[in-house]
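Since the structure comes first, as C-alpha cells, the remarks are kept for the end.
Ligands are counted one by one from 1 in listed order, and the atoms in each one are counted from 1 as well.
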Amino acid sequence: EKGGFEHFMLKEIHEQPKAYRDTMRGRIDESGKKVVLPELKLTKEQIKGISKVQIIACGTAYHAGLIGRHAIESLVRIPVETDVASEYRYRSPIVTPDTLVIVVSQSGETADTLAALREAHSHGAHVLAITNVVGSSIARDADDVIVTLAGPEIAVASTKAYTSQLIAFYLLSLYLAEVRGTQSPEEIARFIAAMQALPEQLESMLAKPDAIKAYAEQISKHEHLFFIGRGLDYAVVQEGSLKLKEISYIHSEAYAAGELKHGTLALIEEGIPVIALATQEAVLEKTVSNIKEVSARGADIMAITHEEHVASLLKSVHQAFAIPKTLPLLTPALSVVPMQLLSYYASLARGNDVDKPRNLAKSVTVE
Ligand code: F6R
C-alpha cells in the first residue's frame, strides 16, 4: 500500500508530479494557451464584478492560501485578504455579495473552515471551495468547487494536497485574469507553459534527496531553529516551519526576513540553524543582507536558492542547495519540496512516527 516507500508521507511527496499533472489535466485547452474551468458556475459577469477576495483555511491549507493571495493579487489585481478560519468566523468579517470567498481544505471536513464558509454565505458571498474530496461537507455547501486531484492523502502531514492547492490557485488566477483582461494572451500562454514544465522539474528534485537528508540529520540534533524569507519565500517557509514542528517536534519559527531586526534577532546565537529561502530575484539582495545579519551573529545557515546564486551566497552561508528555475510566482510549487523532505528526514532521524505525529489527527472535525 505504501508502494515500496517506508512511509505514506514519502510516497505522497513522490506522488506530487502526478498530482500536478492530474490537477492540470482537462483544465488547459488543447492549444495550451488558455485555462478552462468548465466546472465553475461563477459567471463572467460575476467575475468582472468581484471587488475583493477572502481566502480562508486552516494550517497547511491556509499556507496554500498565502500563495494564492500572491497569485491573485499579481495576476488579477484584485485585493485579497487571507485568514485562518478559526479567526475569521469570530471577528465579524466584512463580506459583501461582490466578495469572492475561497475556502481551502484537503479533507473538506474541517469544522472551522466549514463554519467560516457558512458565515460568508450568510452575508451573500459566492463561496468557491478548493478541496481534495468531492463529496465532502465543504464541497457540498460551497457554490463552486475546484477539486484538487492529489488522490487520497494518508499521512497526517499534508504534502501533495498542499502543492495541488497551489496548482488550483494558479489555474484559477489565470482564468480570472483572462476574464478581467489583466494579463495578455501571451503572458497567460507563457505562464501555462511554465506550469506544464513543473512536474518534470519536480521529478529531477526528487531524484536527488541526499543533500537535504544529510542536512536534516544535522538539524535533528537541535531543539530550535529559524526559517527566513521574503514575499513568496516567506509564505513557503511558514509551511516549512509548520511541517518541521508537526513531525520532528523541533521548535522552529518562520520569519519575514525584514522583521528579524525588530526583535527576533536577539535570539540568534552561535550555532543556531537558520534556513534561508532565497529564490525571489526581486528581493534577493534584501534577503542576502538579512542572511549577513544572522551570519554575523554566528548562525549556521543553509540557503535554498537558484544555481546562479550559490557561489556568491556561499560567502555568507555554510551550505546552499539549488532548486530548478521557473517563474517567480510558480517557485513555491518547487521550493516547498526541500522543506517537506527536510521535515521527513529530521523526523526519521529522531525516530518519530512520521505518518502519525503525536497529538494530531488527519481531519479536524471538532473546533
Ligand atoms: C499540516 C496539516 C494541517 C491541515 C489542516 C487543515 O500538515 O495537514 O495543518 O492542513 O488541519 O486541514 P484540511 O485541509 O483538511 O481542511
Side-chain angles (χ1 to χ4, degrees), residues 7-13 15-16 19 23 55-68 82-89 101-120 127-142 145-169 227 235-250 252 254 332 336-337 339-344 346-347 352-367:
H7 295 96
F8 282 111
M9 184 181 178
L10 192 59
K11 171 174 179 266
E12 289 162 5
I13 288 172
E15 282 170 347
Q16 291 179 109
T23 301
I55 301 176
I56 323 293
C58 302
T60 288
Y62 169 73
H63 293 150
L66 298 178
I67 311 286
T82 50
D83 228 324
V84 291
S86 57
E87 288 296 316
Y88 178 86
R89 57 181 292 207
V101 173
I102 304 175
V103 294
V104 192
S105 175
Q106 186 284 127
S107 64
E109 300 297 346
T110 300
D112 280 321
T113 310
L114 183 59
L117 181 168
R118 291 179 176 155
E119 170 74 21
V127 180
L128 184 154
I130 295 177
T131 180
N132 201 36
V133 181
V134 181
S136 60
S137 307
I138 287 174
R140 281 201 309 268
D141 269 29
V145 182
I146 297 182
V147 178
T148 48
L149 290 151
E153 195 177 61
I154 310 292
V156 165
S158 179
T159 53
K160 63 176 182 171
Y162 166 88
T163 46
S164 303
Q165 287 157 2
L166 302 189
I167 299 296
F169 269 117
F227 288 88
V236 173
V237 293
Q238 289 177 72
E239 170 58 8
S241 176
L242 174 63
K243 207 100 302 173
L244 188 72
K245 281 180 279 223
E246 187 180 5
I247 58 169
S248 77
Y249 317 146
I250 299 170
S252 66
V336 75
V337 177
M339 309 277 155
Q340 297 169 341
L341 290 170
L342 193 65
S343 57
Y344 173 77
S347 174
N352 295 352
D353 187 346
V354 176
D355 285 335
K356 285 201 177 64
R358 67 189 185 201
N359 311 342
L360 297 171
K362 181 66 182 163
S363 189
V364 186
T365 52
V366 291
E367 294 180 16

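The protein residues lying under 4.0 angstrom from ligand 1, judged by non-hydrogen atoms, are Cys58, Gly59, Thr60, Ala61, Ser105, Gln106, Ser107, Thr110, Val156, Ala157, Ser158, Lys243, Glu246.
Residues that satisfy the ring-ring contact (aromatic ring centres under 6.0 Å, His included) test with Tyr162, not counting sequence neighbours, are absent from this structure. With sequence neighbours left out, the side-chain hydrogen bond (donor to acceptor under 3.5 Å, both in side chains) criterion links Ser252 to Ser241.
Listed for the Glu239 side chain is no donor-acceptor partner under 3.5 Å among the backbone atoms of Val336.
A donor atom on one side chain and an acceptor atom on the other are found under 3.5 Å apart for Gln16 and Gln340. For the residue pair Glu109 and Ser137, a side-chain donor N or O sits within less than 3.5 Å of a side-chain acceptor on the partner.
Applying the salt bridge (Lys or Arg N to Asp or Glu O under 4.0 Å) test to pairs two or more places apart or on separate chains, those with a residue in residues 148-161 are Glu15-Lys160, Glu153-Lys362.
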